[in-house]
Every structure is written in structure tokens, then in C-alpha cells.
Amino acid sequence: MNTGRIQNASEDNNRTLNHKMKILLDIGQALMESGADCARIIRDMRRAAAHLRIPADQIQSHVTYTTLMLNVTDGERSFTQFRKCMKHGVNLAVIEAISKLTWRILRLNTPMNAIENAVTRVWHRPRYYPTWTTALGAAAGSGASCALFGGGLCESLVAAIAALIGFTAHRLGMQYAFNPYACAMITGFAATLAAWLIPAALGFETMYYALVACAIFLIPGFPIINSASDVISRYISSGMTRAIDTFLIIGGMTFGIAFAIICTGIENISDVHIQPTDAYLSQAFAAALAALGFSIMFNTPKKLLAIVALEGVLTMLIRNILMIECGLSQAVGSFAAAAVVGISALKVIHIVHTPNTLLIIPPIIPLVPGVLLYRLLFAILHIQTISVEELLQALRFGVNGITIILAIVVGVSIPNIFIQKHIEAQQQREIDEIIESRAAAES
């Protein structure tokens with residue numbers, strides 16, 4: 001393979017041009033399987049294509065949730081490659097590393113073999129946090145979410161322990177290659193059963209807030225937000241597929257929770273009040289802990305944890321003040337909080353040199369009302385036994401939950417909606433300047 005100077009695609013032989021396309025698909029697959037949205041995948045692939053001397057008018061890409069397609073044509077030749085993406089998770093360290101890599105190879109004029117090796121190293125390197133730390137992150141996120149819902153210290157501790165048990169069950173299911181929806185069902189059952197069993201074994205009454213929050217770490221907040229982001233960016237196919245996958249995960253989790261409730265005889269927990277009752281210190285601490293816990297689950301680089309925790313505090317305080325002090329709805333409060341994070345991240349990303357996804361997604365995950373969606377599915381599972389009033393209430397929960405999610409996504413996407421084209425034009429000018437200076441140096 002070519003390890004020297006990269007030439008224009010029109011001058012490449014067939015083997016070299018296919019090699020370039022393979023590198024681009026490696027980058028796209030690494031991003032897709034690490035939880036990147038479609039706009040970022042296309043943007044980073046095109047940045048790498050500019051370095052590989054493939055003109056923008058000669059390359060066409062198509063991204064779905066499970067397949068990447070790339071076509072390069074120079075008028076005489078046309079090559080198409082597909083790449084399947086079947087392992088989906090969240091790994092923010094990979095998203096950051098790939099973004100930095102695509103800029104670095106541009107500035108350093110990196111040869112193709114070095115790019116391929118670098119992408120492979122980034123894609124397959126160990127996570128920042130060992131399994132036990134990730135498990136504690138899931139426990140911290142669920143325990144803190146319990147406090148955000150209004151639970152006390154004992155309930156938060158029970159929720160954290162139950163989440164730890166649920167995370168262990170999920171980990172075992174994934175190790176044995178169970179279906180991901182079955183893993184969600186097993187996790188929901190194990191966590192809910194533990195949240196009921198621990199207080200019962202200690203002689204306490206049923207802790208309903210712990211039951212509601214114990215499986216919250218499994219709520220697919222990242223896919224929910226990416227789904228809406230893809231739809232807003234007009235990647236409809238990928239966005240709808242992400243949405244279906246999200247609801248299947250929530251459905252599996254809800255079935256597991258419902259089965260645990262039936263086995264233990266717990267009363268319907270859909271009536272548990274989850275509105276915050278305190279706007280300040282305790283909620284701020286819980287929000288910081290939740291943001292840190294979810295950040296560890298998402299493999300956020302350690303240098304960003306303090307920033308994410310502060311953003312988590314900011315988002316929750318803004319939402320709670322607007323809800324409690326101003327009497328506004330949860331959707332309005334969540335929109336304002338997400339908008340502040342999205343706008344402020346535009347400045348912070350230039351200070352810490354990282355993609356905005358790493359700074360805006362983890363702190364707003366605690367805002368995602370997964371419990372409301374779960375209540376809707378819980379009611380659907382019991383549709384033969386619930387009254388019309390309970391069904392209508394569940395539908396209201398579902399509509400309210402979807403409204404809040406849309407408010408969060410629109411709020412955090414304000415920079416993309418209004419100034420994304422300006423940002424992309426600025427980045428394209430920088431890319432053009434690098435390519436021009438490189439061409440001048442080579443001539």
C-alpha cells in the first residue's frame with residue numbers, strides 16, 4: 001500500500017482508491033458504533049476525504065443505523081463499498097479521538113498506512129474506566145436520579161445497590177451474547193426485584209422511588225437524543241431506526257420491571273410523584289453525581305469529568321428554578337436548561353479542544369424523562385386490567401415525555417439549527433487553506 005505522499009484520487013490506481021475508501025469507512029464505522037450522530041459521521045468522513053485528496057463532488061455517502069455506503073466516481077471509474085455496523089454502544093472517548101485525528105492528519109499530511117493504524121488503535125483501545133468503575137457509575141447515576149425524583153438518602157442508596165445488581169446482570173447477558181432487548185428485560189427484572197427485596201429483607205416498607213429509579217441507567221438517553229438529532233438533520237431513515245431501537249429497549253426493560261412487579265405483588269408504581277421538591281443544594285449535588293455517573297458509563301475522558309459535573313449542576317438548577325420558582329412546565333424548564341448547555345458548549349469546546357457532543361449530552365441525560373415513557377408502556381402491558389382513566393393518564397405521560405424529549409433536543413441543537421452552516425463554512429475554509437498550503441509546498 002502507498003505510504004508516501006497522497007495524490008489526487010483521479011491519479012490513484014484502483015487498489016489505492018479502494019484503500020482510501022476503506023479508511024473512510026473505518027472512520028465512519030468507529031463513529032457509528034461509538035454513538036455518534038449521522039451529521040458528525042458525515043462531517044468527519046468528509047474531512048478525512050479532503051486529506052486523502054478525494055474531491056467533495058466525487059464522493060457520495062449514505063448513512064443508516066446499520067449500514068454505511070460510500071461511492072467515489074471520477075467520471076471514468078466508479079467504486080462503491082458497504083460497511084455493516086451491528087455493534088452499537090456509547091464511547092465518547094472514541095468520538096473525541098476520531099475528531100482530533102481527522103484534523104491532525106490534515107495538518108501533518110499523514111500517509112495512509114499511518115491513518116489506518118491510528119484509526120484501528122483508537123477504535124480498539126481499552127476504555128478509560130474498568131468494568132467495576134463503570135458499574136459504580138451506573139449505580140451513582142441511578143441513585144442520584146432517585147434523589148432528583150424526590151427520594152431520600154436511604155431510597156437513593158437502595159436504588160444504587162439495585163442498579164449495581166442490574167448492571168451486573170446486563171453485563172453477564174452481553175457476555176453470553178444475549179439479544180440486547182432480552183438483556184434489557186433481564187436487567188429491568190433484576191434491578192426491580194433487588195429494589196423490592198433489599199428493603200423487605202431489612203424490615204422496611206416498599207421504597208417506591210428506589211423502584212422507579214433503579215433501572216434508570218438503562219434508559220437509552222443517548223439514542224433518544226441522537227434519534228431526534230438525526231431527524232432534525234434530515235437523516236430520517238437513521239433517526240427512525242434509532243427511535244425504534246430505543247423503544248424496543250425501553251419495552252424490554254418495562255416488561256422485565258412489570259414481571260418483577262407481578263412476581264412480588266408490588267402495587268402499580270406509575271402513580272409515584274417524580275416532580276422535584278427542592279431546587280437548590282441537594283438537587284445540585286445529585287445532578288453532579290448523576291452527570292458523573294453517566295459520563296463514566298459513556299467513557300468520557302477523565303479531563304472532562306469536572307466540566308460535565310458543573311454542567312449537570314447548571315442544567316438541573318435552571319430547570320428546577322423555572323419549574324418550582326416560576327411555575328413553568330417541565331418541558332419549558334428542560335428546553336431552557338438544554339439551550340444554555342448547547343450555547344455555552346460553543347465557547348468551552350475551543351478551550352478544552354473536544355467535540356461538543358462530549359460536553360452537551362452527559363449533563364442533559366438526567367433531564368430525559370425515561371420514567372414517563374416507561375409509564376406509558378407499563379399501561380399498555382396492563383391495558384386489559386386498567387381503567388379508561390388510567391389509560392388516558394398513561395397517554396398523557398407518554399405525550400408529556402415525548403414533548404420534554406423534543407424540548408431537550410431542540411434546546412441543545414440550537415447552535416446546529418441556527419449557526420451550523422456558518423460553523424461548517426468556517427471549518428471548510430480552514431480545510432481549504434491547509435490543502436492549498438500543502439499543494440504549494442509540494443509544487
Side-chain angles (χ1 to χ4, degrees), residues 92 129 132-164 166-167 191 195 198-199 207-219 221 272-298 300-326 328 330 333-334 336-341 344-345 348 358-371 404 408 411-412:
L92 296 183
Y129 311 99
W132 67 269
T133 306
T134 306
L136 290 179
S142 294
S145 296
C146 180
L148 292 174
F149 294 156
L153 181 60
C154 290
E155 290 174 307
S156 298
L157 182 60
V158 170
I161 296 173
L164 191 62
F167 180 88
I198 293 172
M207 297 183 177
Y208 289 102
Y209 283 108
L211 289 169
V212 169
C214 63
I216 205 72
F217 71 93
L218 193 60
I219 292 291
V272 177
H273 178 71
I274 62 169
Q275 293 287 339
T277 56
D278 171 41
Y280 304 109
L281 186 60
S282 64
Q283 290 273 300
F285 177 77
L289 189 58
L292 282 175
F294 293 129
S295 295
I296 291 173
M297 286 182 61
F298 300 152
T300 302
K302 297 177 182 179
K303 65 181 181 180
L304 301 177
L305 290 180
I307 298 175
V308 171
L310 289 175
E311 288 182 328
V313 172
L314 179 64
T315 57
M316 201 56 62
L317 287 179
I318 292 173
R319 189 201 71 170
N320 288 357
I321 289 173
L322 291 177
M323 289 177 61
I324 298 173
E325 304 296 338
C326 302
L328 299 177
Q330 187 173 350
S334 299
V340 169
V341 170
S344 62
V348 179
L358 280 74
L359 297 179
I360 62 177
I361 302 297
I364 67 171
I365 290 297
L367 298 176
V368 175
V371 173
I404 293 170
I408 293 171
V412 84

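If you're wondering where the values come from, they're calculated on a predicted model, not measured in any experiment.
Listed here is the closest heavy atom pair of F217 and F294: CA-CE2, 3.9 Å. Here the shortest heavy-atom pairing between C214 and A162 reads CB-CB, 3.7 Å. Closest of all the heavy-atom pairs between L305 and S295 is CD2-CB, 3.7 Å. When every heavy atom of A287 is checked against every heavy atom of G312, the shortest pair comes out as CB-O, 3.4 Å. Contact detail for S334 and L367: the closest heavy-atom pair is O-CD1, 4.2 Å. The minimum heavy-atom distance linking A213 with S142 is given by the pair O-CB, 3.4 Å.
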side-chain contact (heavy atoms from CB on, under 4.5 Å) assessment of T315 paired with V340: CA-CA 8 Å; T315 57; V340 169; over 6 Å; no

Set out, in order, the CA-CA distance, both residues' side-chain angles and the distance that settles side-chain contact (heavy atoms from CB on, under 4.5 Å) for L310 and V313, then state yes or no. CA-CA 5 Å; L310 289 175; V313 172; 5.5 Å; no

Could you go step by step and tell me if L317 and Q283 meet the side-chain contact (heavy atoms from CB on, under 4.5 Å) rule? CA-CA 8 Å; L317 287 179; Q283 290 273 300; 5.5 Å; no

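The shortest distance between side-chain heavy atoms of I219 and I216 falls below 4.5 Å. Under the 4.5 Å side-chain criterion, counting only non-hydrogen atoms from C-beta, I318 is in contact with L314. With contacts defined as side-chain heavy-atom distances shorter than 4.5 Å, the pair K302/Y129 qualifies.
How far CG of L92 is from OG1 of T300: 4.5 Å, rounded to the nearest 0.5 Å. Atom-to-atom distance recorded for L136:CG and L292:CG is 12.5 Å, nearest 0.5 angstrom. Between atom OG of residue S282 and atom CG of residue L153 there is a gap of 11.0 Å, rounded to the nearest 0.5 Å. Within the model, atoms CG of L157 and CD1 of I161 stand 4.0 Å from one another, a figure rounded to the nearest 0.5 Å. Separating the CD atom in E155 from the CG atom in L211 is a distance of 9.0 Å, to the nearest 0.5 Å. To the nearest 0.5 Å, atoms CE (M316) and CD1 (I321) are separated by 12.0 Å.
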